[in-house]
Structures are given as C-alpha cells and as structure tokens.
Amino acid sequence: MRATNGFWLNLSFAVLYTVLSVEVQGDDLVERGAKLFAGATFRGNGRTCQTCHTKATGALSIEQVNLLPSHDVLFQHDAADVMGGNTFERVRQNATFLVEVPLHENVSIAGSGSRVAVLPRGVPTVFNSSALDPVIMSDGRAPSLQLQALDAWMGHSQITKLPTDDDLNAVAAWEQSKVTVPALRRWIDTGVAPELPKGSTLQQKRGRLFFTDDNPVNGNPIKGRCVHCHSGPMLNATSAGANAIFGIPVGTRFFSAFVSEFQLGGGTPRTFEFKAADGTISTMTSTDPGRALITGQITDANAFKIPTLWNARQTAPYFHNNGAKNLDELLNHYQQYFNFVETVVGIPGFGMTDQDKADIRAYLELL
Ligand code: HEC
Ligand code: HEC
C-alpha cells in the first residue's frame with residue numbers, strides 16, 4: 001500500500017516538476033528575448049529592435065523621433081531621405097523607414113531592372129498582434145516571427161554576426177508574451193473571445209452602432225462601415241456584410257482602405273508591370289501596391305493587411321506609410337473614402353457625416 005502511494009506520489013512530483021521546468025524554461029526564453037530585443041546589436045550599426053519598436057508602445061511615434069538627438073543611432077541608413085543619405089526630413093515628419101520589398105517573379109518596376117521596391121513604411125507595434133495574428137508585416141511578406149527578426153537585424157541593424165536559432169526563438173517568444181490589452185490576455189488565458197465595449201455615453205453608443213452595424217446583412221437602414229473589414233475577435237478580418245457588397249470571402253485579411261489610391265501621405269507613384277500566366281502584361285501605377293508585390297497578382301494591388309484596432313488609440317500614426325498622423329486625420333480619410341464610394345462608385349447610403357466621425361472617434365478611444 002505504502003509502496004503504491006509512494007510510486008504515485010513520485011510520479012505526480014515528476015509530472016509537476018516537468019510542467020514547472022517547462023514554464024521556467026519558457027520564462028527564461030522570454031527574458032532572454034527581452035534582453036536581445038532591447039540590447040543586441042550583433043556588431044551592426046548600433047541599432048536594436050527597440051530603437052524603432054519603443055518600450056512604451058512597441059511602435060514609434062513622430063513625437064518620439066523628434067525627441068531624439070541628431071546623433072542617435074536611429075538617424076542613419078534606411079531612416080535617411082534616400083537610402084544611406086544624410087538628410088532626415090521624412091523620418092522626422094512621418095516616422096517612416098525605407099523598406100526593401102523583394103518583388104514577386106511576375107512583377108517588375110517599369111523602366112527599372114531592380115528586383116526590390118524601396119518603400120517608406122511606418123513602424124507597427126509588436127505588442128498584442130505578435131501573439132494573436134499570424135499575418136506579419138503590412139503586406140504579409142514575413143513567414144514567421146523568427147525569420148522576420150533575422151531580416152530586421154540584417155536590414156535595419158546591418159549586423160555582421162548572425163544570431164542563433166535560439167536567439168530568434170527567444171525574440172519571438174518575448175514578442176508573443178507582450179499582450180497589453182486585458183480583453184486579449186483573458187482570451188489567451190481562458191479562451192473567452194474579447195467583446196466590444198458597450199459604451200456608456202450616447203455618443204459612444206452611436207459610435208458603437210456605426211462601428212458594428214454589418215448592413216446590408218442585417219437590413220438596418222443605419223449605416224455601419226468599419227465592421228466590413230474590422231470584424232472577428234481581433235477586429236482585423238472582413239465580415240458577411242463585406243461579402244454581400246464586395247463579394248469577398250468572410251475572414252479576408254488583405255484589403256484596400258484607399259490609402260495608396262488617394263496617395264494619402266504623399267510619396268512617388270511608380271508604374272508596376274504584372275505578368276499573367278498567359279504572358280500578357282498589365283500595368284498599374286501606385287505609391288505602394290502593398291500585397292500585390294508579394295503575390296504577383298494585380299488584383300491585390302493597393303491591398304494591405306487589415307490591422308487589429310485593439311489599443312490603436314495608443315499607436316498613432318496610422319496606415320502602412322503613416323499617412324494619417326492621428327485619429328482625426330484617419331477619420332478624415334475614411335470620410336473622403338466613404339463619400340467617394342457613395343458618389344463615384346454609386347453605392348447609396350455609404351457616406352459619413354461629421355457627426356459620424358465624432359461618434360466613431362469617441363468609440364475608438366474605448367478599444
Ligand atoms: C529601423 C527601424 C526598425 C528596427 C530597428 C526594427 N524594426 Fe521591426 N519594423 C519596422 C518597420 C518600418 C516595419 C514595417 C515594415 C512593413 O510593413 O513593410 C516593422 C515591422 C515589424 C514587425 C511586423 C509587425 C506587424 O504588425 O506586422 C515585427 C514583428 C517587427 N518589426 C519586429 C522587429 C524585430 C524583432 C526587430 C529587431 C530584430 C525589429 N523589428 C527592428 C522598423 C524597424
Ligand atoms: C474596406 C475595408 C475597410 C473598412 C471599411 C475600414 N477599414 Fe480600417 N483599415 C483597413 C485596412 C486595409 C487598413 C490598413 C491600410 C493601410 O495600411 O494602408 C486599415 C487601417 C485602419 C486603422 C489603422 C490601424 C493602425 O494600427 O495603423 C484604423 C485605426 C482603422 N483602420 C479604423 C477604421 C475605422 C474606424 C473604420 C470605419 C470608419 C474603418 N477602419 C473601416 C480596412 C478597412
């Protein structure tokens with residue numbers, strides 16, 4: 001009897017010990033990742049991940065850039081107005097960096113033999129999304145957090161010594177541990193999907209309705225728009241209403257919010273050539289065609305990852321190129337876009353009034 005008890009007791013100790021040691025190892029990994037993210041330079045240009053993905057928000061604001069002294073390691077290489085140059089107007093005004101996006105084999109830039117497009121892109125936060133969103137980068141080009149980190153160290157930090165697989169796993173583990181929105185943390189810990197806040201003031205409630213109303217599916221005459229693209233627990237996928245209007249599958253992750261179409265944030269339009277399977281070439285002109293450069297499909301032109309809106313109020317500026325400096329500029333853009341859909345594309349009821357804008361702004365502050 002005693003022997004049997006002892007056996008089970010030992011076994012359960014062994015099981016408990018294994019579980020604990022895995023957790024300790026997991027914590028170690030996260031802690032190591034935190035150190036690498038904040039401090040590792042691998043004999044490069046002195047930048048760390050945290051040079052751009054700041055400690056406070058995991059992103060980089062225009063204000064943060066302008067607080068830095070001009071000799072800061074941020075001001076070099078891809079922060080310059082032209083790659084490697086020594087003027088830094090763009091990064092001071094927009095907080096964007098020049099990113100080299102390899103072109104799909106079917107894509108080329110008209111009149112250029114280059115196999116990469118150099119595009120100004122803002123720094124998205126690595127918090128909240130890393131743990132919960134498998135789509136990485138605004139055009140979805142990174143296959144994993146590990147390969148993204150390797151690419152970032154080589155591209156932004158110009159490292160001359162390679163990180164190990166353990167280093168890459170540690171950084172990924174740390175990024176995935178950074179969940180700052182309580183509703184998302186609860187989702188991970190308990191499996192209960194986050195719910196949208198109800199809103200308490202009349203304005204917030206109107207904002208909620210504008211945000212969530214998935215017409216035409218629910219037959220509601222009150223216009224709702226945001227949920228067409230910002231639905232699901234992460235508010236980053238298309239809805240049944242978008243399926244009814246645009247015919248795209250529910251849960252689509254890449255779409256256009258007309259940022260490149262309207263040249264929001266300026267930039268230089270270039271002509272891109274897309275070769276179809278039958279050899280015919282189609283062209284399109286854009287400041288940044290986004291997803292299409294990765295898939296080689298012209299139908300993906302100007303589509304970008306639909307980002308989560310949880311905590312977006314804290315991570316201005318917005319859009320792939322930081323084309324909107326704050327929520328007011330963002331909503332001015334959506335108003336212009338929705339009014340365009342109503343008047344030019346000709347879908348009635350799509351417009352957005354100034355009152356709608358103020359309401360939705362009040363609601364975004366709750367997410
Ligand atoms: C010089 C500034 C800079 C540095 C340094 C930097 N990043 Fe980034 N990071 C960016 C920019 C710009 C983007 C957006 C690129 C795009 O969308 O094409 C980005 C995107 C990301 C994303 C994708 C987030 C999303 O929502 O899709 C992750 C993850 C990331 N970086 C992690 C890292 C890690 C890890 C390091 C260090 C190894 C690092 N970054 C170093 C500027 C930087
Ligand atoms: C047709 C699809 C679509 C609709 C409708 C839409 N969005 Fe978006 N949203 C996107 C896409 C795509 C992006 C990323 C665009 C880019 O980077 O160029 C985005 C980006 C954003 C961002 C920036 C987040 C960040 O971290 O940069 C916010 C905030 C946002 N949308 C809020 C809204 C609100 C509020 C509404 C309703 C007024 C709305 N969206 C309607 C597709 C849409």
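Each ligand, and each atom within it, is numbered from 1 in the order the structure gives. What's counted below: heavy atoms across the whole structure, side chains too, no hydrogens, waters or symmetry copies.
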Between D189 and R185, does the salt bridge (charged side-chain N to carboxylate O under 4.0 Å, His left out) criterion hold? Intermediate values first, please.
CA-CA 6 Å; D189 291 345; R185 175 45 64 200; 3.3 Å; yes
Any ion pair linking [Y] and [X] (charged N to carboxylate O, less than 4.0 Å)?
| X | Y | result |
| --- | --- | --- |
| R206 | D356 | no |
| D359 | K205 | no |
| R208 | D213 | no |
| R47 | D78 | yes |

[atom]: nearest protein contact (heavy atom, Å):
| atom | answer |
| --- | --- |
| atom 24 (C) of ligand 1 | P124 CG, 3.7 Å |
| atom 8 (Fe) of ligand 1 | H53 NE2, 2.1 Å |
| atom 4 (C) of ligand 2 | C229 SG, 3.4 Å |
| atom 37 (C) of ligand 1 | C49 SG, 1.9 Å |
| atom 13 (C) of ligand 2 | P307 CD, 3.4 Å |
| atom 25 (C) of ligand 2 | Y318 CD2, 3.7 Å |
| atom 35 (C) of ligand 1 | E175 OE2, 3.3 Å |
| atom 31 (N) of ligand 2 | Y334 OH, 2.7 Å |
| atom 11 (C) of ligand 2 | A257 CB, 3.7 Å |
| atom 5 (C) of ligand 2 | R225 O, 3.4 Å |
| atom 38 (C) of ligand 2 | C226 SG, 2.7 Å |
| atom 27 (O) of ligand 2 | F319 N, 3.2 Å |

Please identify which atoms of ligand 2 are closer than 4.0 Å to at least one heavy atom of [X].
| X | answer |
| --- | --- |
| F338 | 38 (C) |
| H320 | 16 (C), 17 (O), 18 (O) |
| V259 | 18 (O) |
| S256 | 1 (C) |
| F255 | 1 (C), 2 (C), 12 (C) |

is_close_aromatic(Y318, H333), centroid dist under 6.0 Å
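Not close enough - the centres of the two rings lie 6.0 Å or further apart.
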For this output row, return yes or no: ring centroids of F350 and F340 closer than 6.0 angstrom.
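No; F340 has its ring centre 6.0 Å or more from that of F350.
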Determine whether any heavy atom of [X] lies closer than 4.0 Å to an atom of ligand 2.
| X | answer |
| --- | --- |
| Y337 | yes |
| A324 | no |
| F211 | no |

Cluster question for you: counting only ILVMFWY and a side-chain heavy-atom cut-off of under 4.5 Å, with indirect links fine, are I136 and L293 together?
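The answer is no; the residues belong to distinct hydrophobic clusters.
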Can you name the closest pair of heavy atoms from [X] and [Y] and give their distance?
| X | Y | answer |
| --- | --- | --- |
| V116 | I109 | O-CD1, 3.7 Å |
| R291 | D139 | NH1-O, 2.8 Å |
| Q263 | T287 | CG-CG2, 3.9 Å |
| L309 | L364 | CD1-CD2, 4.3 Å |
| H228 | A242 | O-CB, 3.3 Å |
| C229 | F255 | SG-CD2, 3.7 Å |

From the options L309, I306, N321, T315, select the one whose nearest heavy atom is closest to atom 30 (C) of ligand 2.
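Comparing heavy atoms across L309, I306, N321, T315, the nearest one to atom 30 (C) of ligand 2 lies in L309.
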Relative to atom 26 (O) of ligand 1, which among K305, Q148, E100 owns the nearest non-hydrogen atom?
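It is K305 whose heavy atom sits nearest to atom 26 (O) of ligand 1.
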Knowing that exactly one of N94, D288, T96, N322 qualifies, which makes a side chain to side chain donor-acceptor pair (under 3.5 Å) with R121?
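Per the side chain to side chain donor-acceptor pair (under 3.5 Å) rule, the option paired with R121 is D288, out of N94, D288, T96, N322.
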Parallel under 30°, tilted from 30 to 60°, perpendicular over 60°: which one fits the rings of [X] and [Y]?
| X | Y | answer |
| --- | --- | --- |
| F304 | H320 | parallel |
| W174 | F127 | perpendicular |
| F262 | Y337 | perpendicular |

Under 2.8 Å from atom 8 (Fe) of ligand 1 - does any N, O or S atom of C52 fall there?
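Checking C52: none of its N, O or S atoms is under 2.8 Å.
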Where do W187 and V179 land on the side-chain contact (heavy atoms from CB on, under 4.5 Å) test, with the steps shown first?
CA-CA 10 Å; W187 188 27; V179 177; over 6 Å; no
Record the part of [X] in heavy-atom contact with ligand 1 below 4.0 Å; permitted values are side chain, backbone, both and neither.
| X | value |
| --- | --- |
| V126 | side chain |
| M137 | both |
| V171 | side chain |
| R121 | both |

Return yes or no for this condition: an N or O of S157 is under 3.5 Å from an N or O of ligand 1.
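For ligand 1, there is no N or O atom that lies under 3.5 Å from one belonging to S157.
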Min N/O separation R141 to ligand 1 under 3.5 Å:
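Between R141 and ligand 1 (N or O atoms, distance only) the closest approach is under 3.5 Å.
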Using heavy atoms and a 4.0 Å limit, tell me yes or no: is [X] in contact with ligand 1?
| X | result |
| --- | --- |
| H77 | no |
| Q50 | no |
| D139 | no |
| I136 | yes |
| G122 | yes |

Using a heavy-atom cut-off of under 4.0 Å, does the side chain or the backbone of A303 touch ligand 2, or both, or neither?
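For A303, no heavy atom sits under 4.0 Å from ligand 2.
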Contact partition for L330 relative to ligand 2, non-hydrogen atoms under 4.0 Å
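The answer is the side chain.
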Walk me through it: do T238 and S231 pass the test side-chain contact (heavy atoms from CB on, under 4.5 Å)?
CA-CA 6 Å; T238 61; S231 73; 5.7 Å; no
Determine, for F75 and R92, whether the Lys NZ or Arg CZ falls below 6.0 Å from the six-membered ring centre while staying within 45 degrees of the axis.
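Ring-cation test returns yes.
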Within less than 2.8 Å of atom 8 (Fe) of ligand 2, any N, O or S from H230?
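Yes.
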